[in-house]
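Below is one structure, written out as structure tokens; comments come after it.
Owing to the predicted nature of the structure, the values given are computational and were not obtained by experimental measurement.
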Amino acid sequence: MKKWLILCGLLLAALPVRADRETYDLNDGWMFYTYAQTDSVSVSLPHTWNDVDALAGRADYYRGAGQYMKTIAVPAEWQGRRIFIRFYGAGTVTDLLVNGRYVGRHRGGNNAFEFEVTDFLNYGDKNLLWVTVSNAARTDVLPTSEAENAYGGLFRGVEVVVTDPAVIGFDGWGGSGVRMQARKVKPERVEGTAVVAVNALRGGSCQIGLTIRDARDSIVWRGSERHKIDSGISEMAVPFEVEQPHLWRGTEDPYLYRVTVTLAEGENADTVAFRTGFRSFAADAERGFTLNGEPYPLRGVVLWRDQAVYGPVFSEAQLRRDVELIREMGANAVRVAGGSHAQEFYDLCDEAGLVVLADGPFVGTARLDRRGYYNEPMFHENGLQQLHEEIYQLYNHPSIVCWGLFADPKMIGDDPRPFVEALQAKAKRLDPSRLTAGVSNQDGDINNITDLIVWNHSFGWGVGQPEDIAIWRDQLHSDPDWKRLKSAVSYRAGGSPYQYADRLQRPDPQRSWHPENWQSHVHQVHYDALAGDPAFWAIFVGDMFDRGDADSEAGGNRGVEDCGLVSFDRRIRKDAFWFYKANWNKQEPFVRFAGRRHGRRDGMVQTISVYSNLPVAELFVNGVSLGTEVAHNGVITWKNVAMRTGANQLSVFSVISQGDDYVTLEDDMNILCLPNRRL
């Protein structure tokens, strides 16, 4: 163990990210080991120890404690100031020791958290940080269902923050310490209050300043308030008004303001700055979703929070790539499933205009050997704690309009409804400005607790046939109890980009045969039944990307759940992606053959389909035109196309006007056709 102290690097001063507090990156120079390995290794954060075994489909991937150690040099000049260490994400239970002394524990792997270490440091000397992170299965830390891989590790960054004795935030909830509560949002004026939390060592008074700047850096509001503060945590309100506001209008115009909050208390000073936007929204059982009083149909995706190779670790560039793919497909909304994503992801959603449903960690499971709900006090306490953290940390993001309180709970054994009611009460107390939602796959009173409901279906995948969605839709419209609910719909189906079925039939989700064209068929049938129906405030198609599941052998790809519209490594846009792009993205004209990756087919008579956001296209087979066909919901189809034995060359053309000119769009595909071997 002595070797650790020699190898651990010193803390190198980085540029402070704020003017009045000093923030230093702690991501480099950690030594790491688990009890399952004999030697320590040098790692940089963010880091997970299950980026190999879990993603390789090893169901017995390591579930236990990981040890991180780092030595930092603490300057003598920090004496008399306050020192905090902030973790942006660790899975799932984290204990911190400084110089061998226990500092504290955090339970939950979704949110940021911090510890004050002022009294644990040796100033003018070296200090040992020892972090124990455990991803062991527990019944008192959500989620317990293990719907996602429990990767483990310090999978987001860590920093040390040096402040004066009185500081904004550090109130125990991991947020900035400022919540912009806009009570009235109208085209002529926004009125609201900035609620500021101050953490002070002693009582007294302080001056809180609030400045709001527009995108041109012009000041649109400046005000200050003098407040009394107590020793410990005090919350105070600073009112604000913005005349003739430029509203945040989703993907059409995601306008953001810059907010700066300052604290002055004697010689103490602190500053927090962030971006936010102003908007109003509502969801109605008949009108659907409205943004700033105007209809704004939500076309969304379901997003899980991992990726190939890296697991839960994301760089900002990788997060930006994901948002760009979502926008390329034309989606304007996203449901972040299973808990909070990295803070930078929500910044990017603000910038892109994506409307967000932010799920919490209360998730059910379809497996009999796993449970999503335990009726015991520590489970309840942890769920309420994580919800409180999520709301306070994400409060100022205009993209977030809804807090998701539960997803697919199983009504077997203990009744989870009292717990959901407690979550609902907590969410409304902490943030009455936003809606709440539940993701449901069952009937019953649990659907009446939250403001909104998202019906999660698996017709054509887990049960029944894709066409059953239309039967369910008609039942919802005709049933008085269902009809009054504010409903959205979510659905999904698996598909491997390396598999193709000459004859469509529902595959077994638990088996390895998941043809890509069955996935696109399920999505097309669902879209035909649901698109344009004003009874639904949103449609969330799942999943945006394949995700890790150590128990899965989906599509022959062990360790990956293949219900994504894009592959786990983000390299392959599956056919279903192009189907939604044809319907949702009208700004990028294109034509593309369905099944382009599948050039070997049985039968000399084929149905040829093309995805396009253009109204018509013309098909050529072996140089001969088969005429034009008209698009229906983004799909152009030629039936009973005669092929020759062996190689066939297909081309599809469409024409668009650009000013006085015309531009031809084209796609090509080769098919090797063999006589049908089926009886």
Just by distance, with hydrogens left out, do [X] and [Y] show a side-chain donor and acceptor under 3.5 Å apart?
{"X": "Asn110", "Y": "Arg305", "answer": "yes"}
{"X": "Asp53", "Y": "Tyr62", "answer": "no"}
{"X": "Asn127", "Y": "Asn99", "answer": "yes"}
{"X": "Asn111", "Y": "Ser340", "answer": "yes"}
{"X": "His106", "Y": "Glu389", "answer": "yes"}
{"X": "Gln307", "Y": "Asp569", "answer": "no"}
{"X": "Trp304", "Y": "Glu148", "answer": "no"}
{"X": "Ser512", "Y": "Glu553", "answer": "no"}
{"X": "Asp322", "Y": "Gln318", "answer": "no"}
{"X": "Asn199", "Y": "Asp171", "answer": "no"}
{"X": "Ser490", "Y": "Trp455", "answer": "no"}
{"X": "Asp350", "Y": "Ser399", "answer": "yes"}

May I ask you to decide whether [X] forms a salt bridge with [Y], counting only side-chain N to carboxylate O separations under 4.0 Å?
{"X": "Arg434", "Y": "Asp451", "value": "no"}
{"X": "Arg82", "Y": "Glu116", "value": "yes"}
{"X": "Arg570", "Y": "Asp546", "value": "no"}
{"X": "Arg179", "Y": "Glu235", "value": "yes"}

Do Phe419 and Phe379 come within less than 4.5 Å of each other through their side chains, counting heavy atoms only?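 Side chain of Phe419 against side chain of Phe379, heavy atoms only: contact under 4.5 Å found.
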Would you say that Tyr491 contacts Ser458 through its side chain, given a criterion of any heavy-atom pair below 4.5 Å between the two side chains?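 Heavy-atom side-chain distance check fails, nothing below 4.5 Å.
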Please list, chain by chain and in numerical order, all residues satisfying ring-ring contact (aromatic ring centres under 6.0 Å, His included) with Phe314, sequence neighbours excluded.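 Checked Phe314 against ring-ring contact (aromatic ring centres under 6.0 Å, His included); matches are His341.
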Ring-face cation contact, Phe540 with Arg299, 6.0 Å cut, 45° max: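 No, cation not above the ring by the 6.0 Å, 45° rule.
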Side chain of Asn447, backbone of Gln442: donor and acceptor closer than 3.5 Å?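 Indeed, once roles are kept as given, a pair shorter than 3.5 Å links the two residues.
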Just jot down the salt bridge (charged side-chain N to carboxylate O under 4.0 Å, His left out) partners of Asp95, sequence neighbours excluded, or say none.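 Partners of Asp95 by the salt bridge (charged side-chain N to carboxylate O under 4.0 Å, His left out) criterion, ordered by chain and then number, come out as Arg105.
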